[in-house]
Amino acid sequence: MGIKGLTKLLADNAPKAMKEHKFESYFGRKIAIDASMSIYQFLIVVGRVGTDTLTNEAGEVTSHLQGMFTRTIRLLEAGIKPVYIFDGQPPELKKQELAKRFSKRADATEDLSEAREIGNKEDIEKFSKRTVKVTKQHNEDCKRLLRLMGVPVIEAPSEAEAQCAALCKSGQVYAVASEDMDSLTFGAPRFLRHLMDPSSRKVPVMEFEISKILEELNLIMDQFIDLCILSGCDYCESIRGIGGQTALKLIRQHGSIENILENINKERYQIPENWPYEQARELFKNPLVFSEKEHPEIKWGAPDEEGLITFLVNENGFNIDRVTKAIEKIKTAKNKSSQGRLESFFKPVANTSTPIKRKETSESAKETAIKKAKAAGGKKKK
DNA sequence: ACTCTGATTCAAGACGCG
DNA sequence: GTAATTGAATCAGAGT
DNA sequence: CGCGTCC
């Protein structure tokens, strides 16, 4: 669930903290990505017709591999250096929330069998999507794939979002890319949304800077965390009748949850019993993460061509020509981005009018040619 | 009348051919 | 023995 | 673009 309504709250109250950027402007940047959410979405949507998905000869699902493979190549071709973060054990506080979700899944499973009896195709597809689960095997498959591609992987001790934020705080990556707003609450200094969208849709990348958010809301980080807890997070209930707007007002007025509790009308607002807001706060403020020394070095290497063929083609039935071509793409992308990095500084905003230095000329000519192919007489909707 | 919350529902990838 | 989404959009209804 | 395919 992330933080309830946080996007809208920020759009309304801290618009200057969000900026639109072009996908291309992240060339050469190291970006931390939470893997679990992506895998989940791939399983739901990639190659799905009814309850069928992409599978290998043994009948095991391969949608997540197809999705992860193509998406990662797209990032590499854009000169982005992704590091994928996998979830570890969820914190205790999250378990009751997870129990709720479990029962929802059970409902969906019932709905699904009902839809099967009736034979309503649309319902079957709809409900089957809701029963999707990410297994350990799916996660292991993706880690293996990424390592073969030369892309670094980190297994977080607990929440992946928290580990992403830590990497960004310590400067090991430029930003965290996710659709989950929790990243900000964990204190990721720079946070990107819709990094993955631009290919299929025309949504620009939305960049958030936590320092600007705090500045514009006129809050310190501790207060921002309290605001998120009051708005509604995964770790504990919120106070009935208080949403984002009211929470912001109250925090500005009283400064902390403790002071709010002392000052609000308890007849009007029912405070949950044994409300563990302090523990929730601690999870956001000091989450369990690996320090730089505790996780493997973040390094981007050459793809293991033989390994990729074995894994994707031999074990999972991928088309060998496609895989071979994809490997070429990875190698080309790697050369291009490592060259570019050595020869120039990259500013957050790429501007096309900058004079080009001699050595780059042939290169950028190639790039321009590629981009030109995409040029279209694009009209907005009517 | 207006503001806010909370419940409900929905959709979700990436590519290339024509 | 082992998995537990999200947020955006929309609407109804309560509170101010 | 719209649509079928990827495995």
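Throughout, a chain's letter reflects where its sequence line sits, starting with A, and its residues are numbered from 1. We use all heavy atoms of the structure for the numbers below, so side chains are in, but hydrogens, waters and symmetry mates are not.
- A:Thr55 comes within 4.0 angstrom of a base, heavy atoms only.
- Counting non-hydrogen atoms under 4.0 angstrom, A:Val61 reaches nothing in the nucleic acid.
- Between A:Ile44 atom CD1 and B:dG13 atom P the separation is 10 Å, expressed in whole Å.
- Classified by interplanar angle (parallel below 30°, tilted 30° to 60°, perpendicular above 60°), the ring pair A:His138/A:His64 is perpendicular.
- Atom CZ of A:Phe42 and atom P of B:dA14 are 6 Å apart (whole Å).
- A:Tyr269 places its OH atom 16 Å from the P atom of C:dA14, with the value rounded to the nearest Å.
- Comparing B:dA12, C:dT5, C:dG7 against the side chain of A:Met181 picks out C:dG7 as the nearest.
- Rounded to whole Å, the P atom of B:dA12 lies 15 Å from the corresponding atom of D:dG2.
- Taking the P atoms as reference points, B:dC15 lies 26 Å from C:dA4, given to the whole Å.
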Assess the residue pair A:Tyr277 and A:Tyr235 against the criterion (ring pair (Phe, Tyr, Trp, His ring centres under 6.0 Å)); give the C-alpha distance rounded to whole Å, side-chain angles, the decisive distance to 0.1 Å, and a yes or no. CA-CA 8 Å; A:Tyr277 72 92; A:Tyr235 297 141; over 10 Å; no
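- Closest to the side chain of A:Val45, from the set B:dA14, B:dA12, C:dT6, is B:dA12.
- The interatomic distance linking A:Asp87 (CG) with C:dT5 (C1') rounds to 11 Å, in whole Å.
- Not one side-chain nitrogen or oxygen of A:Thr70 sits closer than 4.0 Å to the OP1 or OP2 atom of D:dC6.
- Nearest-nucleotide assignment on DNA chain B puts the 5′-proximal partner with A:Gly47, out of A:Gly47 and A:Lys329.
- Within 4.0 Å of A:Thr7, counting heavy atoms only, lie sugar-phosphate atoms of the nucleic acid but no base atom.
- The side chain of A:Arg74 approaches B:dA14 more closely than any other nucleotide in the set C:dA4, B:dA14, C:dA8.
- At a threshold of 4.0 angstrom between heavy atoms, the contacts of A:Tyr40 include nucleobase atoms, whether or not backbone atoms are also involved.
- Residue A:Leu54 contributes atom CG, which lies 16 Å from atom P of D:dG4 at whole-angstrom precision.
- Picking from D:dC6, C:dA3, B:dA14 the nucleotide with the shortest atom distance to the side chain of A:Gln66 gives D:dC6.
- More than 12 heavy atoms of other residues, nucleotides or ligands shown are found within 6.0 angstrom of CG on A:Asn286.
- Scanning for ring pair (Phe, Tyr, Trp, His ring centres under 6.0 Å) contacts around A:Tyr40 gives an empty result, with sequence neighbours left out.
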Contact state string [nucleotides 3-10 of chain B, B base, S sugar-phosphate only, - no protein heavy atom under 4.0 Å]: -SSSS--S
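- Residue A:Arg48 is out of contact with every strand shown, counting any heavy-atom pair closer than 4.0 Å.
- Comparing the P positions of C:dT6 and B:dG13 gives an interatomic distance of 15 Å, to the nearest angstrom.
- Clustering of Ile, Leu, Val, Met, Phe, Trp and Tyr side chains at separations under 4.5 Å places A:Ile85 together with A:Val83, A:Ile154, A:Leu167, A:Val173, A:Ile298, A:Trp300.
- Going from atom CE of A:Met37 over to atom P of C:dA4 covers 10 Å, rounded to whole Å.
- Nucleotide C:dT6 holds its P atom 16 Å from the NZ atom of A:Lys133, rounded to whole Å.
- Remark: A:Arg190 qualifies as a cation-pi partner of A:Tyr174 under the 6.0 Å distance and 45° angle criteria applied to the six-membered ring.
- A:Phe224 has its side chain out of reach of A:Ile251: every pair of non-hydrogen atoms, C-beta onward, lies at least 4.5 Å apart.
- Summarising the local packing, NZ of A:Lys94 is surrounded by more than 12 heavy atoms from other residues, nucleotides or ligands at distances under 6.0 Å.
- Summarising the geometry, the separation between CG on A:Leu184 and C1' on C:dT6 is reported as 15 Å, rounded to the nearest angstrom.
- Look at A:Arg322 and you'll find a side-chain N or O under 4.0 angstrom from OP1 or OP2 of D:dC7.
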